[in-house]
Amino acid sequence: MLLVTVFRGLLVLGLIMSLDGHKKSQKTKGKAAKCPKFTDIERRVGLVMDDNLKTAVFPVLHKATRSLSPWTYSDTYDETRVPQHISQAQCQRSGCLTPDGDEDMGLESKPILHQTLVLRRVQGEEGSCGGRRRKGYFYKLDSESVNVGCTCVRPSIFPQKQ
């Protein structure tokens, strides 16, 4: 979860830098441009990632095992995504635990979804000055649903027509 927070901070910083570059380009709009400009929908932002950056690891509070709807984490890996590793919660039970530790099937254990921003590496072409096209990989901002935990809910009951 800490990695997701750090990554979000990097994305916000990149977006702020792109907006700052957009303001500077508006000031010089009257000058003739040598390179083609991107539309308002598509903007390219330089991104430098430091592999030596170490994040602090805090002790995990065992909320996942103390919950009435316990869960475990499994790691998902995608080499075309930044971050490449994302932990996904998986509910351990169908029902929920009672204070005595028995499973109550009158309640359902369901995942809690969180939408998070990721970068996707895509192959494409980039325009360059001089009329030549360069092929390479580029990063596109995308969103992904992540299971962050589990919670107890009442079951959905749909009345049947007779």
Side-chain angles (χ1 to χ4, degrees), residues 1-23 38-126 135-162:
M1 293 309 295
L2 181 61
L3 181 62
V4 171
T5 305
V6 169
F7 181 67
R8 266 197 211 140
L10 288 172
L11 286 175
V12 170
L13 181 62
L15 290 173
I16 290 170
M17 289 172 47
S18 72
L19 290 175
D20 185 44
H22 179 64
K23 287 178 185 175
F38 298 111
T39 65
D40 286 338
I41 296 171
E42 180 180 315
R43 289 213 173 81
R44 304 257 169 133
V45 179
L47 179 65
V48 177
M49 306 221 25
D50 186 3
D51 291 335
N52 298 323
L53 180 66
K54 302 290 183 204
T55 56
V57 177
F58 298 104
V60 175
L61 300 175
H62 299 287
K63 293 177 186 169
T65 56
R66 291 185 356 220
S67 174
L68 298 179
S69 177
W71 67 88
T72 57
Y73 288 107
S74 64
D75 203 31
T76 61
Y77 175 78
D78 184 349
E79 67 180 24
T80 64
R81 176 184 68 199
V82 176
Q84 291 181 335
H85 295 273
I86 294 180
S87 295
Q88 295 270 5
Q90 293 178 331
C91 302
Q92 288 182 338
R93 299 182 181 259
S94 300
C96 295
L97 296 178
T98 64
D100 298 332
D102 299 323
E103 188 171 1
D104 179 7
M105 297 306 288
L107 297 171
E108 294 179 354
S109 183
K110 294 293 182 183
I112 302 167
L113 295 175
H114 175 71
Q115 201 73 13
T116 188
L117 295 175
V118 296
L119 290 176
R120 291 259 174 230
R121 187 179 72 199
V122 293
Q123 190 168 9
E125 290 186 355
E126 177 184 88
K135 288 188 177 184
Y137 289 103
F138 306 99
Y139 287 92
K140 179 179 100 173
L141 189 60
D142 198 6
S143 66
E144 194 168 301
S145 290
V146 177
N147 296 341
V148 294
C150 293
T151 189
C152 288
V153 296
R154 284 181 273 170
S156 300
I157 299 173
F158 299 103
Q160 295 181 356
K161 294 182 181 179
Q162 294 183 2

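Numbers for residues simply follow the sequence, beginning at 1. On a predicted model such as this, the values are computed, not experimentally measured, just so you know.
- The two residues L68 and C152 make their nearest non-hydrogen contact at O-SG, 3.8 Å.
- Between the side chain of T76 and the backbone N or O of I86, at least one donor-acceptor pair lies under 3.5 Å.
- Listed here is the closest heavy atom pair of P83 and V118: CD-CG1, 4.3 Å.
- Taking 4.0 Å as the cut-off between side-chain N and carboxylate O, D142 and R81 do not count as a salt-bridged pair.
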Requested in this report: Step by step, work out the side-chain contact (heavy atoms from CB on, under 4.5 Å) result for Q92 and S109.
Outcome: CA-CA 8 Å; Q92 288 182 338; S109 183; over 6 Å; no
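- For A89 against G149, the heavy-atom pair with the smallest separation is CB-N, 3.4 Å.
- A pairwise comparison of heavy atoms in C91 and P111 identifies SG-N, 3.7 Å as the closest pair.
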Requested in this report: Begin from the C-alpha positions of K140 and L119 and carry the test side-chain contact (heavy atoms from CB on, under 4.5 Å) through to its verdict.
Outcome: CA-CA 5 Å; K140 179 179 100 173; L119 290 176; over 6 Å; no
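- Two residues are said to be in side-chain contact when any heavy atoms from C-beta on lie closer than 4.5 Å; E144 and R120 meet this criterion.
- The backbone N or O of G106 sits less than 3.5 Å from a side-chain atom of D104, completing a donor-acceptor pair.
- With hydrogens and angles ignored, the 3.5 Å screen pairs a side-chain donor or acceptor of Q88 with a backbone N or O of N147.
- D75 contributes atom CG, which lies 10.5 Å from atom CD of Q84 (distance to the nearest 0.5 angstrom).
- In terms of heavy atoms, W71 sits closest to V148 at NE1-O, 4.1 Å.
- Nearest heavy-atom pair, C150 versus Q90, reported as atom, atom and distance to 0.1 Å: SG-C, 4.1 Å.
- Note that CZ of R154 is 9.0 Å distant from CG of L107, once rounded to the nearest 0.5 Å.
- The 12-atom threshold is not exceeded at OH of Y137, counting heavy atoms of other residues, nucleotides or ligands nearer than 6.0 Å.
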